[in-house]
Amino acid sequence: MAKVEQNLNISALELAAKNAYNNAYAPYSNFFVGAAALTKNGNIVSGCNVENASYGLTVCAERNCIAQAVINGEQQFQTLVIYTEQEKLTPPCGACRQVIAEFLDQSAIVTAVNHLDQQISWTVKQLLPDAFTPKDLE
Ligand SMILES: [Zn+2]
């Protein structure tokens with residue numbers, strides 16, 4: 001994990017997401033995705049999509065990114081960036097929205113970027129209103 005200053009640095013996250021994108025394993029869809037998140041401790045973690053010949057076992061970049069952080073002992077995040085080289089910016093899928101809502105605050109920002117330097121951002125609450133979260137199990 002790379003350590004960064006506490007102030008948000010989207011370009012560092014973009015670079016980490018792009019590097020992860022370059023390692024994506026997507027031979028079936030050819031839809032390559034990289035993701036990077038800034039943890040509350042100021043570390044950057046990243047992930048890419050990993051497909052499988054048994055298609056249902058495919059795991060998205062966002063979920064692999066969050067899992068990578070958890071593996072390294074981090075469970076709290078400031079923000080998450082998704083990188084693709086699609087002309088239409090790529091939002092997280094429904095499964096990833098649920099996992100994002102588990103680990104990022106409702107007010108945290110998720111940003112999709114692409115190779116054309118376009119970007120769009122959402123809050124977690126916008127991505128998954130009325131999310132089922134750990135609080136619902138209390
Ligand atoms: Zn997904």
Side-chain angles (χ1 to χ4, degrees):
M1 290 188 291
K3 188 83 173 176
V4 296
E5 295 301 315
Q6 219 39 31
N7 59 344
L8 183 62
N9 188 339
I10 285 286
S11 61
L13 285 170
E14 266 189 65
L15 181 60
K18 184 175 181 179
N19 286 338
Y21 166 94
N22 287 325
N23 291 328
Y25 179 72
Y28 309 109
S29 71
N30 286 313
F31 196 97
F32 300 85
V33 185
L38 182 63
T39 71
K40 287 203 171 162
N41 289 334
N43 292 310
I44 291 178
V45 292
S46 61
C48 60
N49 54 330
V50 180
E51 294 185 347
N52 193 278
S54 177
Y55 295 169
L57 299 179
T58 293
V59 181
C60 301
E62 301 93 313
R63 281 180 282 146
N64 277 332
C65 175
I66 289 171
Q68 181 65 34
V70 172
I71 289 164
N72 284 291
E74 302 233 37
Q75 299 180 359
Q76 295 184 304
F77 303 88
Q78 299 182 47
T79 190
L80 185 141
V81 170
I82 302 159
Y83 178 88
T84 60
E85 295 194 352
Q86 302 293 317
E87 293 196 9
K88 183 174 181 291
L89 291 162
T90 305
C93 78
C96 288
R97 291 176 193 216
Q98 180 65 42
V99 173
I100 288 167
E102 178 88 13
F103 291 102
L104 278 74
D105 295 339
Q106 289 284 290
S107 60
I109 301 294
V110 175
T111 303
V113 300
N114 67 9
H115 61 303
L116 303 172
D117 285 330
Q118 297 171 319
Q119 69 174 60
I120 185 171
S121 294
W122 309 268
T123 64
V124 172
K125 188 178 180 75
Q126 286 173 318
L127 289 172
L128 193 61
D130 301 320
F132 181 81
T133 68
K135 288 181 180 156
D136 293 301
L137 296 175
E138 292 173 358

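Position 1 is the first residue of the sequence, and the numbers go up from there. We count ligands from 1, going down the list as the structure has it; atoms in each ligand are counted the same way.
The minimum heavy-atom distance between Gln106 and Ala101, with the atom names listed, is NE2-CB, 4.4 Å. Across all non-hydrogen atoms, the minimal contact from Ile120 to Leu89 is CG2-CD1, 3.6 Å.
The main-chain N or O of Ala24 is never found under 3.5 Å from a side-chain atom of Asn49 such that the two would form a donor-acceptor pair.
Residue Leu104 is grouped with residue Trp122 when hydrophobic side chains (ILVMFWY) are merged at heavy-atom distances under 4.5 angstrom, including chains of intermediate members.
Among residue pairs with one or both ends in residues 94-117, none qualify as ring-ring contact (aromatic ring centres under 6.0 Å, His included); sequence neighbours excluded.
Taking distances strictly below 2.8 Å, the protein N/O/S atoms close to the Zn ion (ligand 1) are Cys60 SG, Cys93 SG, Cys96 SG.
For the side-chain contact (heavy atoms from CB on, under 4.5 Å) criterion with Phe77, the lone passing option out of Asn41, Leu38, Val45 is Val45.
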